[in-house]
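Written out below as structure tokens is the structure these notes cover.
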Amino acid sequence: MTSSLSPPAITPSYDFNSPQLPFILHRLECCKSMEELKQIHACIIKARPLQTQLVLDKFLSCALSTLGSLDYAQSFFSQIRNPNLYAYNAVIRGFSRSKNPMQSLLFYGEMLEKGFCPDNFTIPFLLKACAELRTLREGEGIHSQSIKNGLVWDVYVRNTLMRMYAVCGVTGAAQKLFDESCHRDLVSWTTLIQGYVENGFPGQAIQVFLEMSMTKLKADGKTMVIVLSACSELGDLDLCRKIHSYIQDNKVYLDLFVENALVDMYLKCGDIDSACRLFNSMPKKNVVSWNSMILGLTQQGEFKEALLVFRSMQRDGAEPDDVTLVGVLNSCANLGVLELGKWVHAYVDRKGIRADGFIGNALVDMYAKCGSIDQAFGVFKNMQHRDVYSYTSMIAGLAMHGEGERALDLFSEMSRVGMKPDEVTFIGILTACSHVGLVEEGRQYFEDMSRVYKLKPQIEHYGCMVDLLGRAGFISEAEEFIRKMPIEPDAFVWGALLGACRIHGKVELGERIMKKLVEIEPEKDGTFVLMSNIYASANRWRDAVKVRKAMKERKMKKIPGCSLIELNGMVHEFRKGDKSHPKTKEIYKMLDEIMSRLRQEGYVAHTMSALLDVAEEEKEHALCHHSERLAIAFGLISTSPGTPLRIVKNLRVCSDCHSVTKFISKVFRREIIVRDRNRFHHFRGGSCSCKDFW
DNA sequence: ATAGGGTTAG
């Protein structure tokens, strides 16, 4: 009986004969607004025949998951007269899927107080909530309750227990449950495999999968997606092909998820051709398919290809998301193509996406690597949430631009706001010190790294220190530093010292280091180039030539110098002595003009860097056609006076090109920004931001 | 009525 003063009550029944029932269920399925839900609520109260378990369950889950209104669901529940276990389970499930899974556990407490016992449905809902909350304590409590109730033998209970343990990082407990079970289904195997992948044991995951393939069970798409992600992480191409054959042999249905995971796997394992073939054969693609290609190519260093895929994505009319944009920005950063990077920034603004988080960090990195350090700083300052990545990108950016002091200021700001630096932050800091010759500060930071911040220096940090000391002329200290290193010095560490030998003309030490380097990486040309540079600087031309000859005899492939310049969104690429550009004639005419203007201004070529034992005139000629000069000449004839030129070079700038560029910046009144392998050079009015310290 | 799905940086 319902009095007019108390709220109307709902009495659930198991009567499924009401003709209105399918209609109300359909309305609940489609319900998207609170208004609509309230109307349905009224209908249910008015019509007793609608008060069935199924309707109440659907009503609660709609209120909880679709509309997220926990209060409303609870007040609805309180109207149910004598709620049974089914009704409690419905609420617990609803809460476990909601934004506030804790409610699920609290509500379970109420249920126990009312004298109800959990059943094989209650436990999986609760465990899902525990997994969501990463609360091992509560999870273990439910584990012991399910043992007491004998529910632990239920395969659903067991699988959700395994999932809960895996999510909480206790793969051992998941494995134990798995080993002890007498009935394992595909979900049990998949859950165990996933647990290993998510906790950083992809090898173990594959082991478990191989074990499973010995049983009668056949994997489905969901299992394969996880197995494929384990393969990507391992980067083992042979294994990839085996797993791919398993999919074909067992006729696992290739849905979009599996196809995307396959594309991702092939790219991460470096088989770009297979990835492209698969991708092109896909009948339907979603944004993740495109993202897998773009990010995968970026990670493989195929930046131009990544941008080409982005263009076809746009032609295809697919809408990019933030992951796409991060990949595109990353490629822009690596290629140094500012125009496209700016376009992405404008796109982000237009879409009303905040330049924060991933996107913000990618923008900071892009602007810094494209030479617009001020823009990078602007984005950085506007970010609401700055994390270690943001600070590290900014610090590394400033370091690259030779703004050592500003980088160090930012580092102090980091500790002021309580942001803990990590290993990569210190690479930025040490590089900053190195580029501006702040030796004392560098030593201090290196020490603080382990003493104050409890971070273990890695080989890269030792490399930075050798560079810092050697570059500043503390050669014997650098040698001593290498001797005392707790880890075996690698090619980068020795390379840094060899670089110092070039700057400071240390021929004998250079020879010793060269011997070591040739042992460590005999195929690398950089060592030989540096050594012949060292000889040349000491005017030992004969030796310089000998090294060059040795290179030729070893049939070493030299990395060809290459410079990029971006004009109106088009990337122009020049190699040394390149004559393939449509404007070659004009470019070389401009080069001649540059050289004669420079000679009038008193320029003398640094022929020693030409490293060729040929007539002086020829040496100068060879230098003239270094790729960056072609790019600069092309920039000069293609832009209006005063436009800054931005060049990206794959190798270090040679000292002759460095002084030529200084001259050009003065004579032609152009700001020229060159990014070389190591850092940025801002040329303006005849001098360079690196203050010739590079 | 219940459990397992791919891509995100310095």
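Computed over heavy atoms, backbone and side chain alike; hydrogens, waters and symmetry mates excluded. Letters go in sequence order (proteins before strands), and every chain restarts at 1. Bear in mind the structure is a predicted one, so any value in this text is a computation, not a measurement.
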Counting only side-chain N and O atoms of [X], is one of them less than 4.0 Å from OP1 or OP2 of [N]?
X: Asn330(A); N: dG10(B); value: yes
X: Lys128(A); N: dG4(B); value: yes
X: Gln299(A); N: dA9(B); value: yes

Consider the side chain of [X], meaning its heavy atoms from C-beta on, and name the nucleotide among [options] that approaches it most closely.
X: Leu295(A); options: dG10(B), dT2(B), dT8(B); answer: dT8(B)
X: Arg93(A); options: dA1(B), dG4(B), dG5(B); answer: dA1(B)
X: Val388(A); options: dT7(B), dG10(B), dG5(B); answer: dG10(B)
X: Val424(A); options: dG5(B), dT7(B), dG10(B); answer: dG10(B)
X: Thr160(A); options: dG10(B), dA3(B), dT7(B); answer: dA3(B)
X: Thr191(A); options: dG4(B), dA1(B), dG10(B); answer: dG4(B)
X: Val326(A); options: dA9(B), dA1(B), dG4(B); answer: dA9(B)
X: Lys369(A); options: dG10(B), dG5(B), dT8(B); answer: dG10(B)
X: Ser393(A); options: dA3(B), dG10(B), dA9(B); answer: dG10(B)
X: Thr190(A); options: dG5(B), dA1(B), dG4(B); answer: dG4(B)

Between [X] and [Y], is the ring centre distance below 6.0 Å?
X: Tyr445(A); Y: Phe426(A); result: no
X: Tyr391(A); Y: Phe380(A); result: yes
X: Phe77(A); Y: Tyr88(A); result: yes
X: Tyr389(A); Y: Phe358(A); result: no

Starting at [atom1] of [X] and ending at [atom2] of [N], how long is that distance when rounded to a whole Å?
X: Asp422(A); N: dA9(B); atom1: CG; atom2: P; value: 14 Å
X: Asp264(A); N: dG5(B); atom1: CG; atom2: C1'; value: 13 Å
X: Leu126(A); N: dA1(B); atom1: CG; atom2: P; value: 19 Å
X: Leu228(A); N: dT7(B); atom1: CG; atom2: C1'; value: 13 Å
X: Asp321(A); N: dA9(B); atom1: CG; atom2: C1'; value: 15 Å
X: Trp153(A); N: dT2(B); atom1: CH2; atom2: P; value: 24 Å
X: Ile395(A); N: dG10(B); atom1: CD1; atom2: P; value: 15 Å
X: Leu217(A); N: dG4(B); atom1: CG; atom2: C1'; value: 13 Å

With centres under 5.5 Å and planes under 30° as the test, does Tyr389(A) stack with dA9(B)?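 So yes, this residue stacks on that base, both cut-offs being met.
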Looking at dT2(B) and Tyr156(A): do their rings stack (centroid distance under 5.5 Å, interplanar angle under 30°)? yes
Taking all atoms of both residues into account, what is the closest heavy-atom pair of Ala205(A) and Val197(A), and its distance? CB-CG2, 3.5 Å
With a non-hydrogen cut-off below 4.0 angstrom, is [X] in contact with a base, only sugar-phosphate, or nothing?
X: Ser390(A); result: nothing
X: Asn286(A); result: base
X: Thr122(A); result: nothing
X: Leu186(A); result: base
X: Asp154(A); result: nothing

Scan residues 351-367 of chain A against DNA chain B and write down, sorted by residue number, each residue with any heavy atom closer than 4.0 Å; if none is found, say none. Phe358(A), Asn361(A), Asp365(A)
If we only count heavy atoms from C-beta on, is the [X] to [Y] side-chain gap below 4.5 Å?
X: Cys168(A); Y: Thr135(A); answer: no
X: Met224(A); Y: Phe209(A); answer: yes
X: Ser213(A); Y: Tyr246(A); answer: yes

Under 3.5 Å, is there a donor-acceptor pair between the Asn159(A) and Asp185(A) side chains? yes
